[in-house]
2 protein chains.
Amino acid sequence: MPEKVTITTVAKHARVSRQTVSNVLNAPHIVREETRRRVQEAIAALGYRTNQAARQMRTGRSRLIATRIEPTRDGINGSVLDRFLHGLTETGETAGYRTMLFTAADAEREIAVYDDLLASYDLDGFVLTGTDHGDPRTTWLAERGVPFVTFGRPWDDLDAHCWVDVDGAAGTAQATRHLLASGHRRIGWIGWPAGSGVGDDRRAGWHDTLRAAGVDPAGLARETVDGIPHGERCAGELLALATPPTALLCASDSLALGALKAACASEPPVPVIGFDDTPVAAAVGLTSVSQPLGEAAARCVDLLTAVLDGPHRTPGPVLLQPTLVRRRSA
Amino acid sequence: MPEKVTITTVAKHARVSRQTVSNVLNAPHIVREETRRRVQEAIAALGYRTNQAARQMRTGRSRLIATRIEPTRDGINGSVLDRFLHGLTETGETAGYRTMLFTAADAEREIAVYDDLLASYDLDGFVLTGTDHGDPRTTWLAERGVPFVTFGRPWDDLDAHCWVDVDGAAGTAQATRHLLASGHRRIGWIGWPAGSGVGDDRRAGWHDTLRAAGVDPAGLARETVDGIPHGERCAGELLALATPPTALLCASDSLALGALKAACASEPPVPVIGFDDTPVAAAVGLTSVSQPLGEAAARCVDLLTAVLDGPHRTPGPVLLQPTLVRRRSA
DNA sequence: AGGCACGATTGGAACGTTCAAGTTGCTGGA
DNA sequence: TCCAGCAACTTGAACGTTCCAATCGTGCCT
């Protein structure tokens, strides 16, 4: 059984004091070249690693960030956050932070978890996903001065806190332009009920681009909650119009997948474009707007570490551009 | 700004000593009823929470478990582990453990991360996924007496350590019986190259069930690496045989999805069954063998906490039964 | 030579908790 | 009456680290 290696073990081995070892680790520049080398050799030879718990007790910093993992839902849209999570863990590691997970049924209970994690584990920061109008979580955190970044804009006040987001409107605009370029004029929209930041944003991209092209979007949109059957139903409604749309654009891959069923049935098949480029889209050949999730996660870590390690100044927001991934469906 | 609430704050407030507060938390039975109540009221009133870092320094226990999150790959099979992860986090929380994530490129580097996490964060235990023959990770952990559970059998020696798994052979057997009951005799198999524990197990379910039904499986199997195009190619090969199979069973949804393309093209369409019941399968109507991932995760936590909290005795393994989810494809 | 600033290093103290070893005060048996 | 035994509670110490103030040379300026 190997003895526990502490900073004192290293100090003895390198014939210096505790504090000098600590300095080599935390402020190398104040230690003389030769001493530093000797200490570093001892560290390597003994396989020493700083005990985070002890460091944390002194400094109040845990080098831990937390994010919420959603309860398993649909499985299609859920995968978006999962891919984001992968990126978060990966980039966090390279920045010296570990990622901790938690679950919470609603915003209120999520806040309770924040409270717990901060008090029990001294968390350094949080990454929030899926923000919406009047999000209570961000105000709670901001009031207490807890560092955090959101993946998703603060829809009410863009300067409220630091955030990373993907330009949904630009994505749907690009998809709309693609369909316009293919000769389509009447392009239908299947989206979520008005009021959600993300949903309204994506819809705006479609709406404004059609307008700019001189097409009146009136009557070409349907609103529904997310889900494959709802997408199918709405597509059916749109395609049954007197002058039906010749192409469909959807707010999510779930809706698009349902729409695809209805669209393939009609003759000739109506092109469909989805949003999120989920594995399902790739599998069934659905053209979809792809969010750069890996980069989004990386930028979240960048911003968070900037707040944590750097001077106390909130870095500017980041708005990333999505890309259209073309497949058979459009 | 609220003052930091420590055990001493609570002690003063309840007019007892530090240690008594500690006892109320860790060994309530040795504290007099009335005192206990007073302390608990103080805890509630002040919103006290034990500082895990300090506790950990004393006890060497962190109430943290870690698991590896795979780099984003395919997206179809990746989702299986993601769903498992959700369950793990959720059940872990109810047992008082938080989940920490890490990534690692291969087994060797994964071991390096274990070493780091144990030394730096005093991790209580690990949950490993995707075990295979001669897995170096389990031997490393076992040698050091680190508590861990695997989701996946130790294929070489079933008593090597405690594990949770899903009976893959039973799943493919069930699928095979379902196809036999529908009148099929020549049932094709598309799986992975021999040598992987999981792959061989799933194949055995198909093979043995066919044999038991008096059908010779010879020539009805194809081996390939995972992926949609490979599934399609293998299905094409099988369906081009002189006496082709009338139904196809696959080792994964990825393979099945590819097979489905080839199978739908033939007349009449050949039924296809996949494995894992991924969101993609649900979306395209692919019949698939579903693993009880949530329960598997829960049992992993059960076993791990049994080792951690209970007496030092490794609890028996858990083998869960999958179910066949029937959809349009078969 | 004396003083001074500065670079390099050291030792004490503290973070918040639990363990181990006390100290009370009370009950009951010889 | 005395003390063993026990329940209930308290106090000192330790976990491994970093902060802070102090110490020790060493070279430079006057």
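Quantities reported herein were computed from a predicted structural model and do not represent experimental measurements. Scope of the values below: all heavy atoms of this structure, side chains included, with no hydrogens, waters or symmetry mates.
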> How many whole angstroms separate atom CG of Leu46(B) from atom P of dG16(C)?
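It is 14 Å, rounded to the nearest whole Å.
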> I need the CG-C1' distance between Asn26(B) and dT17(C), as an integer number of Å.
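In whole Å, dT17(C) C1' lies 9 Å from Asn26(B) CG.
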> Kindly say if Ser22(B) contacts the phosphate of dT17(C), meaning a side-chain N or O under 4.0 Å from OP1 or OP2.
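No.
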> Nearest heavy atom decides the nucleotide; on that basis, is Val16(B) or Arg58(B) closer to the 5' end of DNA chain D?
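It is Val16(B), whose closest nucleotide lies nearer the 5' terminus.
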> Looking at Tyr97(A), does the NZ or CZ of Arg63(A) lie under 6.0 angstrom from its six-membered ring centre and within 45 degrees of the ring axis?
yes
> Are any of Tyr121(B)'s side-chain N or O atoms less than 4.0 Å away from OP1 or OP2 of dG16(D)?
no
> As a test of reading the structure: which of dT17(D), dT17(C), dT9(C) is closest to the side chain of Thr35(A), going by heavy atoms?
dT9(C)
> Nearest heavy atom decides the nucleotide; on that basis, is Val31(B) or Ala54(B) closer to the 5' end of DNA chain D?
Val31(B)
> Counting any heavy atom closer than 4.0 Å, what does Thr20(B) reach on the DNA or RNA strands: base, sugar-phosphate only, or nothing?
base
> Using atom CG of Asp122(A) as one end and atom P of dT17(C) as the other, report the distance to the nearest whole Å.
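Rounding to the nearest Å, CG of Asp122(A) and P of dT17(C) are 11 Å apart.
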> Can you find a donor-acceptor N/O pair under 3.5 angstrom joining the side chain of Gln19(A) to the base of dC19(D)?
yes
> Quick one: Leu118(B) CG to dG16(D) P, roughly how many Å, whole number?
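Computing the Leu118(B):CG to dG16(D):P distance gives 15 Å.
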> Please evaluate the base of dT17(D) for a donor-acceptor partner in the side chain of Arg55(A) within a cut-off of under 3.5 Å?
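It does not, because no donor-acceptor pair links the side chain of Arg55(A) to the base of dT17(D) below 3.5 Å.
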> Between the side chains of Ser62(A) and Gln52(A), is a donor N or O closer than 3.5 angstrom to an acceptor N or O?
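Distance-only check fails for Ser62(A) and Gln52(A).
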> Within less than 4.0 Å of OP1 or OP2 of dA8(C), is there a side-chain N or O belonging to Asn23(A)?
no
> Calculate the interatomic distance between Asn51(A) atom CG and dT17(C) atom P; express it in whole Å.
16 Å
> Can you say whether the rings of Tyr114(B) and Phe126(B) are parallel (under 30°), tilted (30 to 60°) or perpendicular (over 60°)?
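Rings of Tyr114(B) and Phe126(B): tilted, 30 to 60°.
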> In terms of side-chain heavy atoms of Arg32(B), which of dC9(D), dT9(C), dG16(C) is nearest?
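Of dC9(D), dT9(C), dG16(C), dC9(D) is nearest to the side chain of Arg32(B).
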> Less than 4.0 Å between a side-chain N and a carboxylate O, is that true for Asp116(A) and Arg98(B)?
yes
> If only atom types and distance count, is the side chain of Thr89(B) paired as donor or acceptor with the main-chain N or O of Leu85(B) below 3.5 Å?
yes
> Hey, is the side chain of Thr59(B) poking within less than 4.0 Å of OP1 or OP2 on dT18(C), counting only N and O atoms?
no
> Could one point to a donor on the side chain of Arg18(A) or the base of dG12(C) with an acceptor on the other under 3.5 Å away?
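Side chain to base: pair present.
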> Let me know the distance between CD1 of Ile30(A) and P of dT9(C), rounded to the nearest Å.
9 Å
> Of Val21(B) and Ser17(A), whose nearest nucleotide on DNA chain C comes first from the 5' end?
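Final value for this comparison: Ser17(A).
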> Rounded off to whole Å, could you give me the CD-to-P distance for the Gln56(B) and dC15(C) pair?
19 Å
> Specify the separation, in whole Å, of atom CD1 of Ile7(A) and atom C1' of dC19(D).
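Rounded to the whole Å, the gap is 13 Å.
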> Per the side chain to side chain contact (heavy atoms under 4.5 Å, CB included) rule, which among Leu308(B), Leu118(B), Val307(B) passes with Asp124(B)?
Leu308(B)
